[in-house]
Asks: 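The structure under discussion is supplied below as structure tokens; questions concerning it will follow.
Counting begins at 1 with the first residue of the sequence. All heavy atoms count here, side chains included; hydrogens, waters and symmetry mates do not. Small disclaimer: the values here were computed from a predicted structure and weren't measured.
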Amino acid sequence: QVQLVESGGGLVQAGGSLRLSCAASGRTFSIAAMGWFRQAPGKEREFVATMPWSDGRTYYADSVKGRFTISRDNAKNTVYLQMNSLKPEDTAVYYCAAGSSTVLITSPSRYNYWGQGTQVTVSS
């Protein structure tokens, strides 16, 4: 099993920044990719950003490209999401996810483990 603990959400004004963190523990050797998804009220969970653990490639949703940056600290088994130029439409619960596959990693179904979620609210 892998446990994921998120932190860093909160309330911010439009144009502001937040950094989310996700620390993985347990059977971390089984992780092939870690990413972030979000879910707004009344909407389906959607892909935000992800990165395979084996290389430095990163993938982003078009809606966040150029504003969000995903990064990792291998020694700490932690992945980060730096969110800049936040917009009210970024308001959602953000979830960290870890999976054992690097195939179709923009799909939530490819992830085996999920964090508890952290609320991000962007006011206009």
Asks: Is the closest side-chain donor-acceptor distance between Arg67 and Ser85 under 3.5 Å?
Replies: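 Their side chains do not contain a donor-acceptor pair, so the 3.5 Å distance test is not met.
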
Asks: Salt bridge check, Asp90 against Lys87: does any charged N sit closer than 4.0 Å to a carboxylate O?
Replies: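 Judged by the 4.0 Å cut-off on N to carboxylate O distance, Lys87 and Asp90 do not form a salt bridge.
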
Asks: Show every donor-acceptor pair shorter than 3.5 Å between a side-chain atom in residues 47-55 and any protein atom, with sequence neighbours excluded, or say none if there are none.
Replies:
from, atom 1, to, atom 2, distance (Å)
Thr50, OG1, Met34, O, 3.1
Thr50, OG1, Tyr111, OH, 2.7
Asp55, OD1, Arg57, N, 3.0
Asp55, OD1, Arg57, NE, 3.3
Asp55, OD2, Arg57, NE, 2.9
Asp55, OD2, Arg57, NH2, 2.9

Asks: I'd like to know whether NZ of Lys43 has more than 12 heavy-atom contacts from other residues, nucleotides or ligands below 6.0 angstrom.
Replies: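 Open: at most 12 neighbouring heavy atoms sit under 6.0 Å from NZ of Lys43.
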
Asks: Any sub-3.5 Å donor-acceptor pair from Ser30's side-chain atoms to Arg27's backbone N or O?
Replies: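 Yes, Ser30 side chain to Arg27 backbone: donor-acceptor pair under 3.5 Å.
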
Asks: For the pair Phe68 and Leu86, evaluate side chain to side chain contact (heavy atoms under 4.5 Å, CB included) and give the outcome as yes or no after the intermediate values.
Replies: CA-CA 9 Å; Phe68 291 10; Leu86 282 161; 3.8 Å; yes

Asks: Taking the side chain from Glu6 and the backbone from Cys96, do they hold a donor-acceptor pair closer than 3.5 Å?
Replies: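 Pair found, side chain donor or acceptor close to backbone of Cys96.
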
Asks: Thr28 side chain to Ser25 main-chain N or O, any donor-acceptor pair under 3.5 Å?
Replies: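 Checked: no pair found.
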
Asks: Can you name the closest pair of heavy atoms from Phe37 and Thr106 and give their distance?
Replies: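 Closest pair (atom of Phe37, atom of Thr106, distance): CE2-O, 3.6 Å.
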
Asks: When you compare the side chains of Thr78 and Asp73, does any donor N or O come within less than 3.5 Å of an acceptor on the partner?
Replies: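 Thr78 vs Asp73: no donor-acceptor pair found between side chains.
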
Asks: Begin from the C-alpha positions of Val93 and Thr118 and carry the test side chain to side chain contact (heavy atoms under 4.5 Å, CB included) through to its verdict.
Replies: CA-CA 5 Å; Val93 177; Thr118 185; 6.0 Å; no

Asks: Under a 3.5 Å cutoff, is there a donor and acceptor pairing between the side chains of Gln119 and Thr121?
Replies: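 Gln119 vs Thr121: donor-acceptor pair found between side chains.
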
Asks: Answer yes or no on whether Arg19 is positioned over the face of Tyr80, meaning its NZ or CZ is under 6.0 Å from the six-membered ring centre and within 45° of the axis.
Replies: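 Here Arg19 passes the 6.0 Å and 45° test against Tyr80.
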
